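Below is one structure, written out as structure tokens; comments come after it.
All of these numbers come straight from a predicted model, not from anything done at the bench. Residue numbers begin at 1 in each chain, while the letters A, B, ... track the order of the sequences.
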Amino acid sequence: MLIHNSETRRKEQFHPRDEGKVALYVCGITAYDVCHIGHARAAVVFDVLVRYLRAKGYKVTFVRNFTDVDDKIINRAAEENRSSEEVAEDYMRAFSRDMDKLGVLRADFEPCATEYIPQMQDLIQKLLDTGHAYSTSGGNVYFRVRSFPDYGHLSGRDVEELKAGTRIDPSEEKEDPLDFALWKQAKAKEPSWPSPWGPGRPGWHIECSAMSQNILGLPFDIHGGGQDLIFPHHENERAQSMAASGGPFVNYWMHNGYVQVESEKMSKSLGNFVTVQDVFQRHLPEVLRFFLLGKHYRSPLDFTWPAMRDAEKSLKRIYQARSNLHLAVEESKGKDTPLPDELYEEARQLMSESRGNLDDDLNTAACIGSVFSLIRVSNRILENKGWRNSQHGAGLLREIQEHIRSVGLILGVFHNDPQSFLDELRRFKAEQMGLDLEKVESLVRERGEARQSKDFSRADALRDQLAEMGVTLQDGPQGTVWDVE
RNA sequence: GGCGGCAUAGCCAAGCGGUAAGGCAGAGGUCUGCAAAACCUCCAUUCUCCGGUUCGAAUCCGGAUGCCGCCUCCA
């Protein structure tokens, strides 16, 4: 498999540290607010990575942490007049609830920073012992950036240039403005832990160094996160870990691109935050997941409501096709008309292509494209009665059916029972439109009776009435079904 | 100011040197009492612009323009 390594800025062939196993660490959230769609993208992207690696047969150990002690949590707690533990717990729960809805699998380890205080302290001590860190009279410990010559390599930054741009905060006791905190002295009413340097709490970056090293060992295979974490978080993490161990830290760095809203970065000041819950009000969670996978994970992704509607229609098309496929396979009769060879070739080509897309740096967008092409082939077979009912045709259709489902299980979309999905979508939308289901059903029934007695003008009038409510009708051999929009 | 990314049809989007995937919208058609849904077919001689390398470039190189991001907390 090819993976784009942020450190080398190139795609590289993936070779795991241990044959058949993958050690993966992804930065999770700081638990101080509800998830927005950017969090969702990061989570979904790495969830697909995990699912794909497992489908390829790797034994994956996946770690995704929670930052549960941090300035932002402390501030939030102060605002809400409760403890930072409570705040963190609330938002960790909210995260898990949102991720479950999005079909993001739980990580094998979901450690909280506060569970690793002793390990962080050990690491800090080691950095002090080797001269990579220093403690101050105020009870702070800082990492000495100048002591690590490779600093800046991951993010492509030059230490001299960085220095030129820094501001010096006189309240800090740093030797150098680039130095960053490993341990922060406790202030009143803040959570703190005893330490050799006085009571305090860990700096932001040290938790990931401590947790990844303790759970996965060094160096581990893949470290992931959002693009914005490259600097300073991952740069600092890398510096600490490598300075302390004297060896390599991570073999492949993967970073997902931003989600933008109307072509702008989401930010509190612009007031354009879209939370996962906002989206769930208007669309099924699977639609959001499908939308997020519609573009390559490293590119910026622009969120808009019309784009969500398109995603919903596309997803519906796949489920519709799967539903048609399902019916055909069930009722195939088993006469024997051979299919043209080109059909087999095209279908098999597309099936291997869609897998290959994922192997190429997780190109989910291209993979979904291949699935749509495959659906076209499958529909063409379905349309031809001779092919559809032949043993050969049914065999190929079954192959396609299984393939689409297996790709769906990796992507975590369009893998549910098609009829259940279509029903759920219809129910969801009807509810949103505030439809009176009783009324709809009775009008549909009434129209059915009118049709039965060939009173087509009355039937059509009733259909128009329903159309005004946003209900469309589909007359089929088994009677009339209705849908919305 | 320093660093990085992006620019492909009305919209979204893949493409990584071999002659433009796919989705939405649109147009025809099959089906239907009429519809709808579903399905089929069609829909970029061309990839922001200008040069260059090459037998061959959306893809590589140089330049221009325009957007976005990072350099401070951030997925």
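- Both A:Asn363 and A:Ile37 sit near RNA chain B, but only A:Asn363 has its closest nucleotide nearer the 5' end.
- The side chain of A:Trp204 approaches B:C73 more closely than any other nucleotide in the set B:C73, B:C24, B:A75.
- Atoms CD1 (A:Ile368) and P (B:C12) sit 17 Å apart, rounded to a whole Å.
- Base contact: A:Tyr258 has a heavy atom under 4.0 Å from a base atom.
- Across the strands present, B:C31 finds no partner; the criterion is a Watson-Crick or G-U wobble pair with both atom distances under 3.5 angstrom.
- Pairing of B:G66, defined by two Watson-Crick or G-U wobble distances under 3.5 Å, is identified with B:C6.
- The separation between A:Phe291 atom CZ and B:C24 atom P is 16 Å, rounded to whole Å.
- The phosphate of B:C24 has neither OP1 nor OP2 within less than 4.0 Å of any side-chain N or O from A:Lys316.
- Taking atom CG of A:Leu327 as the reference point, atom P of B:C39 lies 13 Å away to the nearest angstrom.
- Annotation: side chain of A:Tyr297 is in contact with side chain of A:Asp361 (closest heavy-atom distance under 4.5 Å).
- Remark: B:C42 base-pairs with B:G26. Criterion, Watson-Crick or G-U wobble with two distances under 3.5 Å.
- Base contact: A:Lys265 has a heavy atom under 4.0 Å from a base atom.
- Distance A:Asn272 CG to B:C68 P: 13 Å, rounded to the nearest Å.
- Nucleotides B:C40 and B:C31 place their P atoms 16 Å apart, quoted to the nearest Å.
- Between the C1' atoms of B:G22 and B:A9, the separation comes to 13 Å (whole Å).
- Across all strands, A:Gly38 comes closer than 4.0 Å to base atoms (heavy-atom distances).
- Between A:Cys208 and A:Ser212, the closest heavy-atom pair is O-OG, 2.7 Å.
- Comparing the P positions of B:U45 and B:A64 gives an interatomic distance of 29 Å, to the nearest angstrom.
- Among the heavy atoms of the strands, none lies under 4.0 Å from A:Val26.
- In this structure, A:Phe62 has its ring center at least 6.0 angstrom away from the ring center of A:Tyr25.
- Screening A:Leu327, A:Val377, A:Leu325 for a side-chain contact (heavy atoms from CB on, under 4.5 Å) with A:Leu382, the sole residue that qualifies is A:Leu325.
- Here B:C74 presents its P atom at 15 Å from CD of A:Gln227, a figure rounded to the nearest Å.
- Of the possible polar contacts, none joining the A:Arg201 side chain to the A:Val69 backbone as a donor-acceptor pair under 3.5 Å is found.
- A cation-pi arrangement, defined by a distance under 6.0 Å to the six-membered ring centre and an angle within 45 degrees of its axis, is present between A:Arg426 and A:Trp482.
- If you take CG of A:Leu154 and C1' of B:C71, they are 14 Å apart, rounded to a whole angstrom.
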Heteroatom pairs (N/O) under 3.5 angstrom, protein to nucleotides 32-36 of chain B:
{"residue": "B:G33", "atom": "O6", "partner": "A:Arg447", "partner atom": "NH2", "Å": "3.4"}
{"residue": "B:G33", "atom": "O6", "partner": "A:Arg451", "partner atom": "NE", "Å": "3.2"}
{"residue": "B:G33", "atom": "N1", "partner": "A:Asp460", "partner atom": "OD1", "Å": "3.1"}
{"residue": "B:G33", "atom": "N2", "partner": "A:Asp460", "partner atom": "OD2", "Å": "2.8"}
{"residue": "B:C34", "atom": "O2", "partner": "A:Arg463", "partner atom": "NH2", "Å": "2.5"}
{"residue": "B:C34", "atom": "N3", "partner": "A:Arg463", "partner atom": "NH1", "Å": "2.9"}
{"residue": "B:C34", "atom": "N4", "partner": "A:Asp475", "partner atom": "OD2", "Å": "3.0"}
{"residue": "B:A35", "atom": "N6", "partner": "A:Asp475", "partner atom": "O", "Å": "3.3"}
{"residue": "B:A35", "atom": "N1", "partner": "A:Asp475", "partner atom": "N", "Å": "3.0"}
{"residue": "B:A35", "atom": "N1", "partner": "A:Asp475", "partner atom": "OD2", "Å": "3.3"}
{"residue": "B:A35", "atom": "N3", "partner": "A:Arg463", "partner atom": "NH1", "Å": "3.1"}

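- Taking the side chain of A:Gln320 as heavy atoms from C-beta on, and the options B:C24, B:A38, B:A13, the nearest nucleotide is B:A38.
- B:A21 is unpaired under the Watson-Crick or G-U wobble criterion, no partner having all donor-acceptor distances under 3.5 Å.
- When the side-chain nitrogen and oxygen atoms of A:Trp482 are compared with OP1 and OP2 of B:A37, none of them lie within a distance under 4.0 Å.
- With a 6.0 Å cutoff to the six-membered ring centre and a 45° limit on the axis angle, A:Arg64 does not count as a cation-pi contact of A:Phe46.
- One distance of note links CZ of A:Arg51 with CG of A:Leu49; it measures 12.0 Å at 0.5 Å rounding.
- Residues A:Tyr91 and A:Phe66 place their aromatic rings such that the two centres sit no closer than 6.0 Å.
- At the phosphate of B:C73, neither OP1 nor OP2 sits under 4.0 Å from any side-chain N or O atom of A:Lys72.
- Rounded to an integer number of Å, the gap from NE2 of A:His4 to C1' of B:C16 is 12 Å.
- In this structure, the side chains of A:Leu301 and A:Ile37 stay at 4.5 Å or more apart for every pair of heavy atoms.
- When each of A:Gln260 and A:Tyr32 is assigned the nucleotide of RNA chain B bearing its nearest heavy atom, the one mapping closer to the 5' terminus is A:Gln260.
- Side chain of A:Asp228, nearest nucleotide from B:A25, B:A14, B:C74: B:C74.
- Base pairing of B:C16 is not made with any nucleotide, judged by Watson-Crick or G-U wobble geometry with both donor-acceptor distances under 3.5 Å.
- With a cut-off of 3.5 Å on both Watson-Crick or G-U wobble distances, the partner of B:U53 is given as none.
- Residue A:His255 is out of contact with every strand shown, counting any heavy-atom pair closer than 4.0 Å.
- Judged by Watson-Crick or G-U wobble contacts below 3.5 Å, the nucleotide B:C73 has no partner.
- Side-chain N or O atoms of A:Asn272 include one that pairs as donor or acceptor with a backbone N or O of A:Lys265 at under 3.5 Å.
- For the C1' atoms, the distance from B:G69 to B:C74 is 13 Å, rounded to whole Å.
- Rounded to whole Å, the distance from NZ on A:Lys313 to C1' on B:A38 is 15 Å.
- Taking only side-chain atoms of A:His296, from C-beta outward, the nucleotide of B:A14, B:A75, B:A38 with the closest atom is B:A14.
- A gap of 23 Å separates the P atoms of B:A20 and B:C24, to the nearest Å.
- For the C1' atoms, the distance linking B:C70 with B:C61 amounts to 26 Å, nearest Å.
- Annotation: B:C6 and B:C60 have their P atoms spaced 9 Å apart (nearest Å).
- At a threshold of 4.5 Å between non-hydrogen side-chain atoms, the residues A:Glu175 and A:Arg146 do not count as touching.
- Between the A:Glu7 side chain and the A:Leu154 main chain, no donor and acceptor come within less than 3.5 Å of each other.
- For B:U59 and B:U19, the C1' atoms lie 12 Å apart once the distance is rounded to whole Å.
- A:Lys11 comes within 4.0 angstrom of a base, heavy atoms only.
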Nucleotides 1-7 of chain B: which of its N/O atoms have a protein N/O under 3.5 Å away?
{"residue": "B:G2", "atom": "O2'", "partner": "A:Glu161", "partner atom": "OE1", "Å": "2.6"}

